[in-house]
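Basis for what follows: all heavy atoms, side chains included, without hydrogens, waters or symmetry-related copies. The chains referred to below are lettered A, B, ... by the order of the sequence lines, with proteins before strands, and numbering in each begins at 1.
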2 protein chains.
Amino acid sequence: MTERPYHHGHLRDALLAEAERTLREQGAEQLSLRDLARQAGVSHAAPRRHFADRQALLDALAGAGFARLADEVAAAVTAAGPDFRARLRATGVAYVRFATTDPALMELMFAAKIAGGDEELAAGAGRLFITVGELISEGQRTGQLPAGDPERLRLLFMATARGIAGIVTPGQPGAGQADGLIDDVVALFTAGGR
Amino acid sequence: MTERPYHHGHLRDALLAEAERTLREQGAEQLSLRDLARQAGVSHAAPRRHFADRQALLDALAGAGFARLADEVAAAVTAAGPDFRARLRATGVAYVRFATTDPALMELMFAAKIAGGDEELAAGAGRLFITVGELISEGQRTGQLPAGDPERLRLLFMATARGIAGIVTPGQPGAGQADGLIDDVVALFTAGGR
DNA sequence: CTACTATGATGTCAACGACAACATTACTGG
DNA sequence: CCAGTAATGTTGTCGTTGACATCATAGTAG
């Protein structure tokens with residue numbers, strides 16, 4: 001009989017993976033440490049060795065989410081080629097795409113208090129900020145975005161993208177139009193340049 | 001001895017009021033039906049006569065929130081006088097102000113599924129949409145906003161305002177700059193007009 | 001006065017997060 | 001190689017919660 005080993009071996013990763021699945025399929029409310037433990041085949045208290053409390057698990061999920069979004073944005077920008085407007089659009093579309101696939105995760109990420117929160121969370125968020133920040137600075141250098149504090153423009157763009165991404169959740173009016181809105185935003189931002 | 005009457009009289013309102021307070025001070029996670037019952041001095045099951053489940057209470061809070069935000073936006077637009085840019089700015093500032101005072105409520109409102117959800121919720125949200133929609137249409141008529149589908153422009157503006165409002169939560173980077181970002185948005189939107 | 005209905009109370013259940021105490025395995029220095 | 005210690009998992013328990021069923025009270029309409 002295949003005895004289950006006393007030590008799981010990859011419990012933390014297994015919990016996170018399963019949690020991401022549950023989060024996607026049933027939302028953050030339905031995430032239960034005990035349930036995750038059951039699905040991983042361990043005792044109800046085992047998760048506590050890896051996550052001090054429920055919030056710590058959510059923070060870890062948010063951190064991983066930021067890291068993944070940063071990757072996807074970076075990849076999208078690269079794939080978009082040299083044209084700046086296309087690159088900016090790709091960033092927005094990546095946001096929307098991410099939010100479409102994982103609305104609950106998106107919510108979790110931006111609901112988490114990034115400053116003062118988890119270490120890994122801040123790292124993931126930081127990477128995303130830098131990635132977008134570099135794109136914005138590039139646009140300002142080449143005169144395709146309005147001049148001014150680049151940090152502030154980045155903040156504005158990211159807030160806008162997040163706002164648009166927020167409407168893709170089922171049950172929100174205008175859910176299907178997100179990509180079109182991104183086009184409008186790019187037009188608006190780049191119109192202010194030159 | 002001041003006997004408590006068997007019937008509370010205004011339980012629903014009392015629960016909502018206390019819930020709004022708790023929501024503001026401790027966030028949605030901390031909202032417990034039993035706790036509200038205790039604070040209202042009724043039995044732990046009494047709230048169920050007014051809210052079928054926890055989610056129903058949250059929906060009611062969100063609905064009231066939308067109604068209040070709609071009022072505040074309408075009032076701000078009126079108070080802003082005749083200049084369109086000032087009116088548009090007032091709308092954004094009202095959003096930010098609301099989110100600053102009640103971040104958890106704001107989150108609740110836009111996390112709630114507006115379509116298909118509660119009746120009262122849809123009503124409150126609808127009023128807000130109409131209020132902002134009229135302002136957008138006005139701007140397009142007077143040529144101060146770019147032409148095009150007014151519904152789409154409204155969606156874009158509301159999404160942007162919501163995105164900016166989302167960063168005022170403590171723990172979010174750039175929390176203090178929300179009002180400035182609203183100025184930028186107004187400039188961006190109205191620059192596309194003429 | 002008597003239903004009827006709205007509203008609140010009591011009692012109970014299963015699930016959960018958190019914690020403490022204990023068990024087993026892995027690792028590390030001697 | 002081995003002893004001791006750290007890492008990881010288990011068992012048991014507690015208080016809280018949302019949900020539900022059942023009963024109590026009060027206001028209302030016939």
Atom [atom1] of [X] to atom [atom2] of [N]: distance rounded to whole Å?
| X | N | atom1 | atom2 | answer |
| --- | --- | --- | --- | --- |
| R54(A) | dA15(C) | CZ | P | 17 Å |
| L31(A) | dG17(C) | CG | C1' | 14 Å |
| R34(B) | dA15(C) | CZ | C1' | 13 Å |
| E29(A) | dG18(D) | CD | P | 12 Å |
| L58(A) | dG17(C) | CG | C1' | 12 Å |
| R48(B) | dG11(C) | CZ | C1' | 14 Å |
| D13(A) | dG9(D) | CG | C1' | 16 Å |
| D35(A) | dC16(C) | CG | P | 6 Å |

Would you classify [X] as touching base, sugar-phosphate or nothing, given that sugar-phosphate means primed atoms plus P, OP1 and OP2, and contacts are heavy atoms under 4.0 Å?
| X | result |
| --- | --- |
| H44(B) | base |
| R38(A) | sugar-phosphate |
| A46(B) | sugar-phosphate |
| R49(B) | base |

Under-4.0 Å salt bridge between [X] and [Y]:
| X | Y | value |
| --- | --- | --- |
| R154(B) | E151(B) | yes |
| R21(B) | E18(B) | yes |
| R127(B) | D71(B) | yes |

From dT17(D), dA9(C), dT10(D), pick the nucleotide closest to the side chain of S32(B)?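 Per side-chain heavy atoms of S32(B), the pick is dT17(D).
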Original post:
Between the side chain of R54(B) and the main-chain N/O of L31(B), is any donor-acceptor distance below 3.5 Å?
Top reply: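 Present.
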Examine distances only and state if a side-chain atom of R49(A) and a backbone atom of L11(A) form a donor-acceptor pair shorter than 3.5 Å.
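No; zero donor-acceptor contacts below 3.5 Å.
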Going by the rule salt bridge (Lys or Arg N to Asp or Glu O under 4.0 Å), which residues pair with E120(A) if we only count those two or more places apart in sequence or in a different chain?
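Scan of E120(A) (salt bridge (Lys or Arg N to Asp or Glu O under 4.0 Å), adjacent residues dropped) gives R12(A).
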**Message:** If you assign each of H50(B) and D53(A) to its closest nucleotide in DNA chain C, which residue comes earlier from the 5' end?
**Reply:**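 Its nearest nucleotide being more 5', the pick is H50(B).
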For this session: Enter the inter-axis angle for the ends of the helix from dC1(C)-dG30(D) to dG30(C)-dC1(D) (five pairs per end, rounded to 10°).
Result: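 Computed angle between terminal axes is 10°.
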Exercise for the section: Please list, chain by chain and in numerical order, all residues satisfying side chain to side chain contact (heavy atoms under 4.5 Å, CB included) with A74(A), sequence neighbours excluded. Expected result: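 Partners of A74(A) by the side chain to side chain contact (heavy atoms under 4.5 Å, CB included) criterion, ordered by chain and then number, come out as T131(A).
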